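Have a look at the structure below, then the notes.
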Amino acid sequence: MHLRTIFFTAALATTALASLNTSREYQLQSQLKPGQADKKRFDNLWLVASHTGAGLNDAVLYTNKSSGIKGFANDTNITQSNGKPYFNQLFDLGGAFPYDLYIADVNFYAAWEPVRINAGTGAGGFFFNSSGLQWDESPGSKVGQNSFGGWLVCDWWHGVPQLFSKWSYYHLENPSSCADINLIPRYV
Ligand SMILES: *[C@@H]1O[C@H](CO)[C@@H](O)[C@H](O)[C@H]1NC(C)=O
Ligand SMILES: *[C@@H]1O[C@H](CO)[C@@H](O)[C@H](O)[C@H]1NC(C)=O
Ligand SMILES: *[C@@H]1O[C@H](CO)[C@@H](O)[C@H](O)[C@H]1NC(C)=O
Ligand SMILES: *[C@@H]1O[C@H](CO)[C@@H](O)[C@H](O)[C@H]1NC(C)=O
Ligand SMILES: *[C@@H]1O[C@H](CO)[C@@H](O)[C@H](O)[C@H]1NC(C)=O
């Protein structure tokens with residue numbers, strides 16, 4: 001945790017002057033996966049950053065599109081098996097520096113992890129396919145060895161639906177307050 005804080009501070013210093021390439025921005029919208037008819041309240045929500053400290057946010061979802069934060073992709077030089085590069089999922093929250101989507105590995109034995117939107121240029125390993133935003137914990141690893149198990153949204157500690165990331169190697173039933181979703185980019 002402390003190491004990451006130090007990293008943020010260093011990252012902020014080096015990126016504050018770089019202008020953000022926000023030429024193709026999108027908002028991320030939840031799409032309820034099939035077979036969850038009782039979870040309609042988690043469908044069509046918009047990704048929002050909920051402030052938890054200086055430069056720190058939890059990823060939550062609101063019903064109103066106007067609150068949805070604007071994201072953009074910053075390609076990294078690692079190519080997935082389909083020939084497309086992975087990217088860092090960055091956000092323009094209105095300041096001089098970007099924020100990045102980051103899966104917080106808070107507990108190796110937990111089946112899902114909270115997702116942060118913290119100041120910095122981030123953790124890579126993101127890509128899009130027809131199911132929306134995906135993540136690869138180890139970019140470049142063999143197809144089929146990805147430990148990302150999809151996005152989970154839960155009524156949680158902010159009083160609004162909150163985003164989590166599942167590990168693929170657990171097969172637990174979701175709590176009744178959670179639903180499996182895709183995150184679909186909607187270009188602005
Ligand atoms: C995007 O990536 C490029 C190349 O890695 C880097 O120079 C640039 O600072 C990044 N932009 C942002 C906004 O992080
Ligand atoms: C800015 O982003 C767009 C869309 O992602 C990309 O096509 C373009 O090459 C980028 N420009 C720079 C200078 O990185
Ligand atoms: C959007 O919804 C959130 C919570 O549901 C609320 O706090 C916020 O004020 C709303 N924003 C707008 C612009 O209506
Ligand atoms: C990407 O990586 C390859 C292999 O390491 C290298 O040859 C190439 O120059 C890199 N491209 C950029 C834009 O950094
Ligand atoms: C998109 O990628 C994920 C891996 O994160 C995979 O499980 C899913 O099947 C892919 N969707 C499609 C439509 O290819």
Side-chain angles (χ1 to χ4, degrees), residues 4 24-40 42-49 57-61 68-91 98-118 120-154 156 161-188:
R4 190 154 167 93
R24 199 160 181 236
E25 289 189 320
Y26 45 85
Q27 293 171 293
L28 288 164
Q29 186 180 31
S30 69
Q31 178 190 68
L32 194 67
K33 289 188 184 173
Q36 305 175 99
D38 55 334
K39 303 284 176 68
K40 286 272 193 283
F42 294 122
D43 202 10
N44 298 321
L45 304 178
W46 300 91
L47 189 72
V48 172
N57 299 277
D58 279 338
V60 300
L61 296 110
I69 57 175
K70 294 190 176 73
F72 60 100
N74 199 21
D75 288 350
T76 54
N77 189 20
I78 304 171
T79 302
Q80 1 157 9
S81 55
N82 66 8
K84 292 184 180 164
Y86 289 95
F87 58 84
N88 294 6
Q89 175 55 64
L90 303 184
F91 296 93
Y99 283 70
D100 70 282
L101 198 71
Y102 165 68
I103 285 122
D105 196 347
V106 296
N107 185 332
F108 287 114
Y109 301 103
W112 53 83
E113 308 282 358
V115 179
R116 319 284 193 209
I117 299 172
N118 290 343
T121 53
F126 292 95
F127 63 99
F128 286 129
N129 64 14
S130 58
S131 312
L133 186 68
Q134 309 295 332
W135 181 61
D136 190 336
E137 186 193 17
S138 312
S141 64
K142 278 191 195 157
V143 176
Q145 291 186 348
N146 190 358
S147 56
F148 176 63
W151 303 110
L152 186 72
V153 62
C154 300
W156 210 243
Q162 184 171 343
L163 186 66
F164 294 86
S165 171
K166 295 171 90 166
W167 296 115
S168 61
Y169 39 81
Y170 287 96
H171 301 282
L172 306 182
E173 195 177 321
N174 290 339
S176 58
S177 60
C178 299
D180 292 310
I181 57 159
N182 291 321
L183 284 174
I184 307 296
R186 307 292 185 201
Y187 288 90
V188 294

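Computed from a predicted model, the values in this text were never measured in an experiment. Start at 1 and go down the list; that is how both ligands and their atoms are numbered.
Considering backbone and side-chain atoms alike, Gln134 places an N or O below 3.5 Å from some N or O of ligand 5. For ligand 5, the polar-atom distance check finds an N/O of Asn129 within less than 3.5 Å of one of the ligand's N/O atoms.
Proximity of a side-chain donor or acceptor of Glu113 to a complementary backbone N or O of Val106 within less than 3.5 Å is detected. Judged by distance alone, the side chain of Gln36 and the main-chain N or O of Asp180 form a donor-acceptor pair under 3.5 Å. Under the 3.5 Å distance criterion, the side-chain polar atoms of Asn88 are matched with a main-chain donor or acceptor of Thr121.
Those atoms of ligand 5 that come under 4.0 Å of a heavy atom in Phe148, given as number and element, are 5 (O).
Here the two rings, on Trp167 and Phe164, have centers that are 6.0 Å apart or farther. Ring to ring, Tyr26 and Phe128 are close: their centroids are under 6.0 angstrom apart.
Remark: atom 9 (O) of ligand 5 lies closer than 4.0 Å to no protein heavy atom. Closer than 4.0 Å to atom 5 (O) of ligand 5 lies at least one heavy atom of the protein.
Closest to atom 13 (C) of ligand 5 among all protein heavy atoms lies Ser130 OG, 3.0 Å.
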